Amino acid sequence: ADLSRVDQWLYNVLSQDTLLGNMVGGRIYVHSAPQGSALPVVIYSFLGGADKLQTLRSRLTKAIFLVRAVGRGSSYDDIEEIADRIDAVMIVPEQGTLHRDIRIASCTREQPHQRKDNENGVPTVYLGGFYRIRYQPST
């Protein structure tokens, strides 16, 4: 269940930024946007991770999330500013942050992401990054 808490934390971080929210009209989704959603949107998804046991009852999880802006067209120009803003808000204080019963220790972009696709013949572009989020139970 800890991944659902990280999903909630990510949603809070992204949606509570007024500038980012205005850029995408509040359209921030986990996994996928509802069919027929207006673009641009921000979508984030868990891709994988690993646990490291620290003690018998304590672990540190390193999870990878893909966080990206999605827009219509064949140019990245319209979503560059959104992707830049995503990167600016994906910050955890040095001492970490608590969300419900987990402590988010860090969040760092490990790799950029860029993709072009066609959806029913309409060009779609994606721009963002792969973020490593380190977290553990707070107890």
Side-chain angles (χ1 to χ4, degrees):
D2 53 332
L3 283 174
S4 67
R5 293 177 187 100
V6 176
D7 280 345
Q8 293 166 357
W9 172 79
L10 265 170
Y11 181 80
N12 289 345
V13 165
L14 297 167
S15 67
Q16 290 176 3
D17 184 75
T18 305
L19 183 56
L20 181 60
N22 289 340
M23 291 174 165
V24 295
R27 294 179 299 275
I28 299 169
Y29 304 106
V30 62
H31 304 301
S32 63
Q35 191 170 7
S37 293
L39 295 182
V41 299
V42 171
I43 297 175
Y44 62 94
S45 301
F46 170 71
L47 298 180
D51 288 337
K52 179 180 181 186
L53 293 178
Q54 295 180 310
T55 67
L56 189 58
R57 294 193 169 114
S58 176
R59 73 179 177 276
L60 176 68
T61 300
K62 299 175 183 177
I64 294 284
F65 282 79
L66 174 58
V67 185
R68 59 192 177 167
V70 182
R72 290 273 186 251
S74 56
S75 171
Y76 295 104
D77 293 349
D78 291 341
I79 60 171
E80 280 180 351
E81 198 173 336
I82 299 167
D84 288 342
R85 190 65 192 164
I86 290 169
D87 201 42
V89 301
M90 296 286 289
I91 296 172
V92 174
E94 192 172 308
Q95 70 275 13
T97 189
L98 288 175
H99 178 76
R100 293 180 53 196
D101 61 350
I102 62 169
R103 185 177 77 83
I104 309 290
S106 65
C107 177
T108 54
R109 192 179 93 174
E110 290 196 350
Q111 185 177 342
H113 172 76
Q114 180 176 341
R115 176 180 168 190
K116 287 187 179 185
D117 206 350
N118 279 302
E119 186 177 305
N120 299 323
V122 179
T124 306
V125 290
Y126 305 81
L127 199 56
F130 294 88
Y131 291 84
R132 170 118 19 222
I133 299 173
R134 292 173 178 84
Y135 66 91
Q136 62 190 129
S138 63
T139 55

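None of the values given here were measured: they were computed from a predicted structure.
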### Query
Leu39: which other cluster members, linking ILVMFWY side chains closer than 4.5 Å, directly or transitively?
Tyr29, Val41, Ile43, Val70, Tyr126

### Query
Which other residues belong to the hydrophobic cluster containing Leu66, where Ile, Leu, Val, Met, Phe, Trp and Tyr are joined when side-chain heavy atoms lie under 4.5 Å apart, directly or via other members?
Leu47, Ile64, Phe130

Apply salt bridge (charged side-chain N to carboxylate O under 4.0 Å, His left out) to [X] and list each qualifying residue two or more places apart in sequence or on a separate chain.
X: Asp117; result: Arg115
X: Glu94; result: none
X: Arg72; result: Glu119

Which residues pass the side chain to side chain contact (heavy atoms under 4.5 Å, CB included) test with [X], not counting sequence neighbours?
X: Pro123; value: Ser74, Asn118
X: Asp84; value: none
X: Lys62; value: Leu60, Arg132, Arg134
X: Val125; value: Tyr76, Ile79, Lys116

### Task
Go through the structure and list residues passing side chain to side chain donor-acceptor pair (under 3.5 Å) with Asp51, not counting sequence neighbours.
Thr61

### Qualifying side-chain hydrogen bond (donor to acceptor under 3.5 Å, both in side chains) pairs with a residue from residues 11-21, counting only residues at least two apart or across chains
Asp17-Arg85

### Task
Using the test ring pair (Phe, Tyr, Trp, His ring centres under 6.0 Å), find all partners of Tyr44 that sit at least two apart in sequence or belong to another chain.
none

